[in-house]
Structures are given as C-alpha cells and as structure tokens.
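In what follows, a single structure is set out as structure tokens and then discussed.
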Amino acid sequence: MTSSLIRGRPRRGTSHISVRVVHALVGGLIGVLWLVLPGVTVASGGPVAGGGGADRPVAGAVPQGQDEETSAADLVLPVAAVVVAGVLAGYGLVRRRRRARERTTPGGAPVREAEPPVGELDERARALLVEADDWVRVGREELGFAEGRFGAEGVEPFARALRDAEGELAVAFRMRWQYEGGVPDESAARRHVLAGIVGRCAEAGRLLDAQAAAFDQLRGLEEGLGGGLGEALAVAEARFRELAGRAGGADATLGELAERYTRSATAAVTGHVEQAKDRLVFATTRLNQARQLADSGQNERAAGRLRAAEGAIAQAAVLIDGVDRLAGELATAATMVPAALTGGEVEIAGARESLTGVTDPSRKDPYADVPPGELRARVTHADLVLAGVRQELTSGPYDPLDLLRRIVRAVAPVVAGRAGVIPAAALLCAHSAVTGADDVVATHRAAVSAEARTRLAEARRLLAPPASMAPGRAVRRELDDLLTAGTLARRARELAEQDVRVHGHPIDGPDVDGLAGAVLGGVLLGGEPHGGPPAGFGGPRTRGRRGGTDGA
C-alpha cells in the first residue's frame, strides 16, 4: 500500500525542472545558429561555380555598403536571443535553488514541520488532560465562592465558559479512552487522535483564559476590605465556620457507621475527617494573613491568601460532604437490599420459566438469543449469590453497598425488566463509586495521573440515561453501563490512591499549617518552598496569575 506521504508528493516536480533545462538549451542553440549563419553567408559570397567569368555579377549580390548594414542588422536578433535565453536560464536556476531549499527530496516533496514522535505526543496529551482537568476543577471551586456573593445570574457568563470547557474536556477524555482501547488502530489515525486531544484541552484552557480578566473584575479583590476583598473574606469565613462545626459531626457519624456496618463499608471515607481538619487549619492561617495584609494595604497579596484559603475550604467541604453522603448511601442501600433480593428472585423465576418452556406465547421470550445451557448456568450462579447475601444479612454486621452490588451483578445476566428495583440498585452503587473516586481526585489532584482521570471520566459518562430503545433492551443496556461505570470508578480510585502513594510527601521539611495537604490537593501550585502561588479561575496563562508566592 502506498504511504499517505508518498501519495501526497507532487509527481511532476522532476519533469518541470527537465523542461526548463531543455528550454534553456534550445534557446542557447538558436542563438549560436543565428550567430554562425551570417558568417557562412558572407563566406559563400564569391563566384559561383559554373559562372560566366570573373566580371559576371553574381546573382543575388548586393552592393558593398548595403551588405555591411545587413550584417549589422542580422547580429541584433541573435544577440537578443542569447540574452533572453540567458535570462530564462538564470531565472530557472534561481527558482530551482529556491525550491530546493523548500523541499526535502529531489522529487519535490514539500518540507513539513518535524512531527514529534508518537511517544512524545502521547505524553503531551496525557499531561494536558491532567492540566485541563485541574483548570476545570479549580474554576468550579472559585466560581462557587463568587456565586455566594453575586448569585447564579451574576456569574452566568463564567459558568457558561466553564460548562463549555467541561464539554471540550469530556470529548478529550472520551477520545483518550477510545485510544487506550485501540480505536482507531491505524497509526496515522492514532496520531490524529492524540493531536485532537491536545487541541481539545488547549481550547478548554483558552475558554477559561478568555474570561479570567472579567472574572477578576467581577470579584474586585484589589478593592480592599471596604470593597470586593472584604466581601469575599466574609463569604469565605462564613463557610469556614460552617465546615469547622460540621467536622465534629462527621467524626461522630463515622463512629456510628463503624458500629453498625463492617469496616469495608466506611473504607471509602477513612481519613476524610482528618484531611478536612488539615485543610481547615491551612484555611484559617491564610484567612488571618489575608486580613492582616488587607489592613496594611497589600491587597494583591491579601487576594492571594484569600484564594488559597478558598481552595482549602472547598476541599474540606468535599471531604466532609463525602462522609455525610456515604452515610446516606449506606442507609438507602440497607433498605434496598431486601427489595433487591425479592426483585432478583422474580428475574430468576422468569428465566426458569423460559428454560421449562412455560411462558406466555403472546410475549416475545427475552432469553430467545441465549443458549439453554448458558441461561441455566446464569440462573444457578444468581441463586448461589442470593443465598450468600441472605446468610450475611442474618449473621451480623455487613456492607449494604457491597451486598447490593453483588445482587445486581449476579442477577444482571438474567434481567428482563420485570423488577425495577435492580436498575435502581445498580444506579445507587455506580453513583457511590463515581462520587467516591471523584472526591479522591479532587482533594489530591496534584498527584493523580491521566489514567485515573480518564477512567473516572468514562464512568461519569456511563451514568447518563440510556438512549430510547425497546424496554427490555433498555434495561439490559442501562444495567451494563451502570455496572461498567462502577467498575471503572473503583479502578480509577485504586489508580488515584496508588498515584498519591507514589507521589509521597509534596514538600521538603515538616508540614506547617497544613501546607503539605494544600500542595497535594492542588490548592497551591507547588514548585516553591512555601507551596507556590494559589490556583485560580483560568487556563494555562492565567491560573496562577495573582497573589505571588503564597508563603512570601
């Protein structure tokens, strides 16, 4: 197969050069002939053989003076031809040299900008996915504080820009997920996909950068305590006080959950309260510094401290909300387990009817495309799993979400849409897994890689409702998507936690005032002894634009 680069090469470049050379040679030859012919004519102007004598005039002879004028005139055209031929040849030579500088091969293929190796482009795409995800997350955090002052309508232009950036990022993550799955498989197309990921991430950053200046103007943090900075500090301090009060309640909630359920039930939020308190320690220090700097008129530095405090407060809220959310999910799952068992039994009974042939002839058999042996194996497996779940329910503490997940996975292969509780249970389990993984990424984003984020993004996409289709098929499709979403989210969490362990302690020396947690969480951009500048609403050109070094 001819390569795409070869197919795109101009094939007539060589022939064009040859034609120019021939033209130059022909022009030169004509000039030489025109110079030589007059001399031949003069040389042959003597008596003609067989003439009537020396005194007889030669036919066609001209007077001597007229012959000199004609010879001079005959020289003009040959000289002009030589000059023209020389000019044409010189022009062709100049063009040939110029085109040679612009070509990479004698055949005339245009010089292309050197394309980076696929490995380098792949690394760039992964790095940009991480950065773009951070831009969106930071923008969402700071936008929340601005909305607290100006309301949803007041921040709508910036919320719209953020939604557009999220849309670009979602497409980029989807492209990355397909790329990792081997789609497409042709090398040139895969390079194109990587370039597309880079372009989507760059566009997400451009959208946020374009609104950064207007967002700063809206917040007005340089106006001091009597203006925007004072109002923003009041909003941040109010949220800080609320979270400080909730932190103690979240700790008590974890203690109650530990008494009621197994350890695995609360493993997803283990350490959340301690991390939340760590972020709040950092936040209170920065809030105090912001007020002191504002009092002395250093509004820009005060704005940097405030922005850092807002980031820490937002992450503390994620951690505390995660504890409360899990408590609600476990309570819902505990009430749903008995109903899911009943629904699973209904689905299994329907599959058994199909095996025995005792079905309603007026309705299409939902298991018609499943071989009887395989269907029988599915029924047997589901029966065994449900029996094990019933035993755990009566034997002592258990993990409701885990039991619900096992019921759904066991019954899903025989589901025909008879029991609506099964899809509802699958949605609860998938949502819990996705939000739990998202919390880890949000509060440890400085360490989490593109691999974990890509799986999380695909899991989030699969949580969307299925497209309109036949009822039975829709249920099966929805279950498949929800089960896959849960699996991907749990894998994303595992990868994220592994990234955090590999990353290690983010600063040198002892942790002071929660600085390590702020750097690990991406509240500070890192790279400096005091943690670097705070992250803010914006893309690659503006996200660390203000406040300078946080610890300076």
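Side chains included, hydrogens not; waters and symmetry mates left out as well; all remaining heavy atoms used.
For the pair Leu393/Leu341, a side-chain contact is recorded, criterion being any heavy-atom separation below 4.5 Å from C-beta on. Two residues are said to be in side-chain contact when any heavy atoms from C-beta on lie closer than 4.5 Å; Asp133 and Arg445 fail this criterion. A heavy-atom distance below 4.5 Å is not found between the side chains of Gln292 and Arg305. Side-chain contact check for Ile348 versus Leu386: some heavy-atom pair is nearer than 4.5 Å. Between Val385 and Ile407 the shortest side-chain heavy-atom distance does not fall below 4.5 Å. Within the 4.5 Å cutoff, the side chain of Leu218 has heavy atoms near those of the Phe158 side chain. Considering only heavy atoms from C-beta on, Leu456 stays 4.5 Å or farther from Leu488 through its side chain. Between His503 and His444 there is no side-chain heavy-atom pair separated by less than 4.5 Å.
At a threshold of 4.0 Å, the pair Arg455-Glu451 does not count as salt-bridged, since none of the basic side-chain nitrogens sits closer than that to a carboxylate oxygen. A salt bridge is absent between Arg200 and Glu203: the closest approach of a Lys/Arg side-chain nitrogen to an acidic carboxylate oxygen does not fall below 4.0 angstrom. With respect to Arg543 and Glu131, no salt bridge is recorded, no charged nitrogen being found less than 4.0 Å from a carboxylate O. The residues Arg352 and Glu345 are annotated as not salt-bridged, no charged nitrogen and carboxylate oxygen being separated by less than 4.0 angstrom. The pair Asp164-Arg160 fails the salt-bridge criterion, with no side-chain N (NZ, NE, NH1 or NH2) lying under 4.0 Å from an Asp/Glu carboxylate O. For the pair Glu374 and Arg378, the salt-bridge criterion is met [side-chain N within less than 4.0 Å of a carboxylate O]. Ion pairing between a basic and an acidic side chain is recognised when a charged N comes within 4.0 Å of a carboxylate O; Glu310 and Arg149 show no such pairing.
Closest approach of Gln211 to Ala161, counting heavy atoms only: CG-CB, 3.6 Å. Contact detail for Leu404 and Ala340: the closest heavy-atom pair is CD1-CB, 3.7 Å. Across Thr443 and Asp439, no two heavy atoms sit closer than the pair OG1-O, 2.7 Å. Pairing each heavy atom of Leu280 with each of Phe240, the nearest pair is O-CE1, 3.2 Å. Nearest heavy-atom pair, Pro371 versus Asp369, reported as atom, atom and distance to 0.1 Å: CD-O, 3.8 Å. Taking every heavy atom of both residues into account, Ala496 and Val441 meet most closely at CB-CG2, 4.4 Å.
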If you apply the rule side-chain contact (heavy atoms from CB on, under 4.5 Å), what do you find for Glu274 with Asp278, and how did you get there? CA-CA 6 Å; Glu274 289 75 13; Asp278 187 64; over 6 Å; no
side-chain contact (heavy atoms from CB on, under 4.5 Å) between His272 and Leu254, worked out: CA-CA 10 Å; His272 271 38; Leu254 277 177; 5.5 Å; no
Walk me through it: do Leu128 and Ile197 pass the test side-chain contact (heavy atoms from CB on, under 4.5 Å)? CA-CA 8 Å; Leu128 275 176; Ile197 293 171; over 6 Å; no
May I have the step-by-step check of side-chain contact (heavy atoms from CB on, under 4.5 Å) for Phe173 and Thr454, ending in yes or no? CA-CA 6 Å; Phe173 271 125; Thr454 300; 3.6 Å; yes
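At least one donor-acceptor pair under 3.5 Å links the side chain of Thr342 to the backbone N or O of Pro338. Thr284 places no side-chain N or O within 3.5 Å of a backbone atom of Val281 that could act as its donor or acceptor partner.
For the ring-ring contact (aromatic ring centres under 6.0 Å, His included) test, residues two or more places apart in sequence or in another chain that qualify with Phe537 are Phe215.
For the atom pair OH of Tyr261 and CG of Asp402, the computed distance is 13.5 Å after rounding to the nearest 0.5 Å. For the atom pair CG of Leu524 and CZ of Arg286, the computed distance is 6.5 Å after rounding to the nearest 0.5 Å. Taking OG1 from Thr487 and CG from Leu462, the interatomic distance works out to 10.0 Å, rounded to the nearest 0.5 Å. Of the inter-residue distances, the one linking Leu221 atom CG with Arg307 atom CZ reads 6.0 Å to the nearest 0.5 angstrom. Taking CD of Glu237 as the start and CZ of Arg241 as the end, the distance is 6.0 Å to the nearest 0.5 Å. Note that the CG atom of Asp499 and the CD atom of Glu497 stand 10.0 Å from one another [nearest 0.5 Å].
Judged by the 6.0 Å distance and 45° axis criteria, Arg239 is positioned over the aromatic ring of Phe145.
For the salt bridge (charged side-chain N to carboxylate O under 4.0 Å, His left out) with Glu458, the qualifying choice from Arg491, Arg453, Arg176, Arg174 is Arg174, the only one to do so.
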List the atom pairs, donor and acceptor, that lie under 3.5 Å between side-chain atoms in residues 311-324 and the rest of the protein, sequence neighbours left out.
| from | atom 1 | to | atom 2 | distance (Å) |
| --- | --- | --- | --- | --- |
| Gln315 | OE1 | Arg279 | NE | 2.9 |
| Gln315 | OE1 | Arg279 | NH2 | 3.4 |
| Gln315 | NE2 | Ala442 | O | 3.3 |
| Gln315 | NE2 | Gly521 | O | 2.6 |
| Asp321 | OD1 | Arg246 | NH1 | 3.1 |
| Asp321 | OD1 | Arg246 | NH2 | 2.6 |
| Asp324 | OD2 | Arg246 | NH2 | 2.9 |

Per-pair distances, 0.1 Å, donor-acceptor, side chain in residues 410-438, under 3.5 Å, sequence neighbours excluded:
| from | atom 1 | to | atom 2 | distance (Å) |
| --- | --- | --- | --- | --- |
| Arg418 | NH1 | Tyr367 | OH | 3.0 |
| Ser432 | OG | Glu329 | OE1 | 2.8 |
| Thr435 | OG1 | Arg325 | NE | 3.3 |
| Thr435 | OG1 | His431 | O | 2.8 |
| Thr435 | OG1 | Ser432 | O | 3.2 |
| Asp438 | OD1 | Arg137 | NH1 | 3.4 |
| Asp438 | OD1 | Arg137 | NH2 | 3.0 |
| Asp438 | OD1 | Arg460 | NH2 | 2.8 |

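Heavy atoms from other residues, nucleotides or ligands lying under 6.0 Å from CZ of Arg390 number more than 12.
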